[in-house]
Q: 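After the structure tokens below, expect a handful of questions from me.
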Amino acid sequence: MSSFRRIAKHPTICLAESCINFRQIKQVQTQLLITGLLDDPRLHGQFVASIALKHPNLLDYSTQVLDQNTNATVFAFNSLIRAHSKCPNPKKSFQFYNKMLKSNNPYPDNYTFTFLVRTCAQLLDCGTSSAVHASVLKHGFETDPHVQSCLIYMYAELGLLNCARKVFDEIPQPDFVIMTAMVTACAKSSEVGFARLLFDSMPQKDPIAWNAMISGYAQCGQSREALNLFNLMQMERVKINQVSLVSVLSACSHLGALDQGRWVHAYIGRNNIAVTVSLGTALIDMYAKCGDMNKAMDIFWGMKEKNVYTWSSAMGGLAMNGFGRKCLELFALMKQGGVLPNEVTFVSILRGCSVAGLVEEGQMHFNSMREEFGLEPLFEHYGCMVDLYGRVGRLNEAWDFINQMPVKPHAGAWGALLNACKIHKNKELGELASRKLVELESKNHGAYVLLSNIYADSKNWDSVSNVRQTMKAKGVRKLPGCSVIEVNGEVHEFLVGDKSHPRYCEIEAKLDEISKRLKLSGYMANTSPVLFDIEEEEKEDALCQHSEKIAIAFGLICLKEGVPIRIVKNLRVCWDCHAATLIISEIYDTEIIVRDRNRFHHFKDGACSCNGYW
DNA sequence: AAGGTAGATC
């Protein structure tokens, strides 16, 4: 006979788990009381656990039930600690722990500590966390692998990689779950290189370990590495699941790699992979960030279940692609559907108002954040409001808004004002904004570049070179412009003045041709974005070397007629490139879609979706 | 009767 025995759940407990409301639970409790079953500590524990874990809205009630048996088991206490560690007020977990300690009955066990550590990870309070870690040591559970991986997870959440590392280093033979926790911890703290070393040293890796490493790369912005590792995962024939694909799609979104993203979409269909809410959301985000908003919305409407992530992604995508009103329509539907917006949703809403120029509507939504939804506006929201006023030229209101903000204006707010000053050519306010911006972020190249653009607009070359000199003195460098274009699933990257591409001869000839055709159509180079005070002709030459122009030329060479040219740029599109691209889309009769640092530009028949404001 | 590691909106 085996000594293994499984404790079957009492039928009344099964009944308690299937209750759907408080009244039914009360009935079950009465039954347990009458039959005296609640006096049995084991059944009492099961009952407490079934309420606490299956009915999180009745947490307070399960606490009362705990007190109804003076011999409550550690299982009952642990269940309540565990249930509270997942709820909005995780601090309550400690009440039960303290109660156990005070009466010495029952004693906390290794389970107790895994739940307490999770509570700390939820609370994000360093003092509490180190106190709990001390208790783990005091009770001698530091060698329990479950407790160890929870501790590593907790320190990673707190951003204390050194502490996580210390726990890890003291484990003589970490198993692969602990290794995976450490890989995640490193990636979260941007130590993705070390994460990879650990990952490579693992003798065996399950899909979770692979997914942890891939998402680590994706979250650190190392999107190409994420894709490379995903390919390796396939070559090693590791089982791919939804989590793998969500991370890969996120990498595609960052890169703007539409072909790769489409491949993932096809893979899902080919392998009959169930589209979970997060996978669907990742697909929407990928198509939106690659500029194919129609496809993104097809998926959106096709999803049965949608949560706040799904709605926010779709709304953010619409705003980013210039469909401000559609974004607001979606918000109305979201509210009708009973999904509550969060802070991120409001960033999308305010951006939607901004691109559509709907100032009053934006004000209304901004106020509703606090009044209707109890959400405190964050820096981003204030920045969006400055942008909202500034974009339509209401610069004074933007200025007033900044000065009346209840929080200290951050770089984003001044940056939005500065951009508005550039659009509406307000030199005085622009100078002020850029001075503030530089005070906050003395290495912010964007501030200097925008300011020198403002000066260059009025051909004030002395001031332009002053700005240049300040940049040089402070060691501020302009981030080199870089444009990416995908051709046949292959990603081609071009930097400013980049001549390194193997087909540069063809590209140069194409650039020449474009330049001639532009001139024939009456286009005049707007040389103001060139920061140097050089001769006009040289400036024109320098402009032709902007990375997006090189990428467009390459696209015209390689892509079939009728296929839109899609480009992802790391900076904002410059004014000259914008003007030139408008005409190129007309004379070459091609659609050109450019994603810049902020938003999309869909160029077609000589017009752009941004209407000249970006 | 229970516990450890991976994923989406900024």
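Everything quoted here is computed from the prediction, not taken from an experiment. Numbered from 1 within each chain, the chains take letters A, B, ... in sequence-line order.
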Q: What is the nucleic acid contact for V347(A), judged by heavy atoms within less than 4.0 Å: base, sugar-phosphate only, or nothing?
A: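 The residue V347(A) makes sugar-phosphate contact but no base contact.
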Q: Report the distance from atom NZ of K86(A) to atom C1' of dG4(B), rounded to the nearest whole Å.
A: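 Roughly 14 Å, once rounded to whole Å.
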Q: Can F115(A) be classed as stacking with the base of dG3(B), given a centroid separation cut-off of 5.5 Å and a plane angle cut-off of 30°?
A: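 So no, this residue does not stack on that base, at least one cut-off failing.
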Q: Give T184(A) one of three labels, base, sugar-phosphate or nothing, depending on what nucleic acid heavy atoms sit under 4.0 Å from its own.
A: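 The answer is sugar-phosphate, as T184(A) gets under 4.0 Å only of primed atoms, P, OP1 or OP2.
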Q: With a 3.5 Å cut-off and heavy atoms only, can you find an N or O donor on one side and an acceptor on the other between the side chain of N307(A) and the base of dA8(B)?
A: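 Pair found.
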Q: CG of L283(A) versus P of dT9(B): gap in Å, rounded?
A: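 Atom-to-atom, L283(A) to dT9(B), this comes out as 13 Å.
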Q: Taking CG from D206(A) and C1' from dT5(B), how many angstroms apart are they, rounded to a whole number?
A: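 From D206(A) CG to dT5(B) C1': 8 Å.
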Q: Does a nitrogen or oxygen in the side chain of K289(A) sit under 4.0 Å from OP1 or OP2 of dC10(B)?
A: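 Checking K289(A) against dC10(B): at least one side-chain N or O falls below 4.0 Å of OP1 or OP2.
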Q: Does some side-chain heavy atom of Y97(A) sit less than 4.5 Å from a side-chain heavy atom of F113(A)?
A: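 Side chain of F113(A) against side chain of Y97(A), heavy atoms only: contact under 4.5 Å found.
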Q: Below 3.5 Å, does any donor atom in the side chain of N78(A) face an acceptor in the base of dA2(B), or the other way round?
A: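 Side chain to base: pair present.
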Q: So do M154(A) and C163(A) actually touch side chain to side chain, heavy atoms under 4.5 Å?
A: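 The answer is no; the side chains never approach within 4.5 Å.
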Q: So does N241(A) reach the base of dG7(B) with its side chain, donor to acceptor, closer than 3.5 Å?
A: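 Answer is no: no donor-acceptor pair is held.
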Q: Might you confirm whether atom CZ of R270(A) has over 12 heavy atoms from other residues, nucleotides or ligands at distances under 6.0 Å?
A: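 Counting neighbours around CZ of R270(A), more than 12 heavy atoms of other residues, nucleotides or ligands fall under 6.0 Å, so yes.
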Q: Between atom CD1 in I178(A) and atom P in dT5(B), what is the gap in whole Å?
A: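 Atom-to-atom, I178(A) to dT5(B), this comes out as 11 Å.
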Q: Please determine if a side-chain N or O atom of S215(A) lies less than 4.0 Å away from the OP1 or OP2 oxygen of dG7(B).
A: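 So the side-chain polar atoms of S215(A) do come within 4.0 Å of the phosphate oxygens OP1 or OP2 of dG7(B), strictly under.
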Q: Check every strand shown and say whether S313(A) touches a base, only sugar-phosphate, or nothing at a heavy-atom separation below 4.0 Å.
A: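 It contacts sugar-phosphate atoms only.
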Q: Please examine the side chains of K188(A) and E157(A), heavy atoms only from C-beta on, and report whether any two atoms are closer than 4.5 Å.
A: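 Heavy-atom side-chain distance check passes, below 4.5 Å.
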Q: S312(A) side chain: which of dA6(B), dT9(B), dG7(B) is closest?
A: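 Among the listed nucleotides, the one closest to the side chain of S312(A) is dT9(B).
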Q: Over 60° means perpendicular and under 30° means parallel, so tell me whether F331(A) and F346(A) are parallel, tilted or perpendicular.
A: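 Rings of F331(A) and F346(A): perpendicular, over 60°.
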Q: Can you tell me if the side-chain N/O atoms of Q219(A) get under 4.0 Å from OP1 or OP2 in dG7(B)?
A: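 Checking Q219(A) against dG7(B): at least one side-chain N or O falls below 4.0 Å of OP1 or OP2.
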Q: From CE of M293(A) over to P of dT9(B), roughly how many Å is that when rounded to an integer?
A: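 Taking CE of M293(A) and P of dT9(B), I get 14 Å after rounding.
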Q: Does K306(A) make a cation-pi contact with F300(A), if we ask for NZ or CZ under 6.0 Å from the ring centre and within 45° of the axis?
A: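 Cation-pi check for K306(A) and F300(A): passes.
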Q: According to a strict under-4.0 Å criterion, is R118(A) in side-chain N/O contact with OP1 or OP2 of dT5(B)?
A: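 So the side chain of R118(A) is within the cut-off, an N or O lying under 4.0 Å from OP1 or OP2 of dT5(B).
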Q: Have a look at Q242(A) and say if it touches a base, only the backbone sugar-phosphate, or nothing, with a 4.0 Å heavy-atom cut-off.
A: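 Contact class for Q242(A): base.
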Q: Answer with base, sugar-phosphate or nothing: what part of the nucleic acid does T276(A) contact at a heavy-atom distance below 4.0 Å?
A: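 If one applies the 4.0 Å heavy-atom cut-off, T276(A) turns out to touch a base.
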Q: For H146(A) and dG4(B), are the ring centres under 5.5 Å apart with planes inclined under 30°?
A: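 Here the ring of H146(A) and the base of dG4(B) are not stacked, as the 5.5 Å and 30° limits are not both satisfied.
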Q: Counting heavy atoms from C-beta on, name the nucleotide in dG7(B), dA8(B), dG4(B) closest to the side chain of V177(A).
A: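 Selected nucleotide (nearest to the side chain): dG4(B).
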Q: Rounding to a whole Å, what distance do you find between L249(A):CG and dA8(B):P?
A: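 It is 11 Å, rounded to the nearest whole Å.
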Q: Measure the distance from CD1 on I349(A) to P on dC10(B) and round it to the nearest whole Å.
A: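 One finds 14 Å between P of dC10(B) and CD1 of I349(A), rounded.
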Q: CG of L151(A) versus C1' of dT5(B): gap in Å, rounded?
A: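 So the CG-C1' distance, L151(A) to dT5(B), works out to 14 Å.
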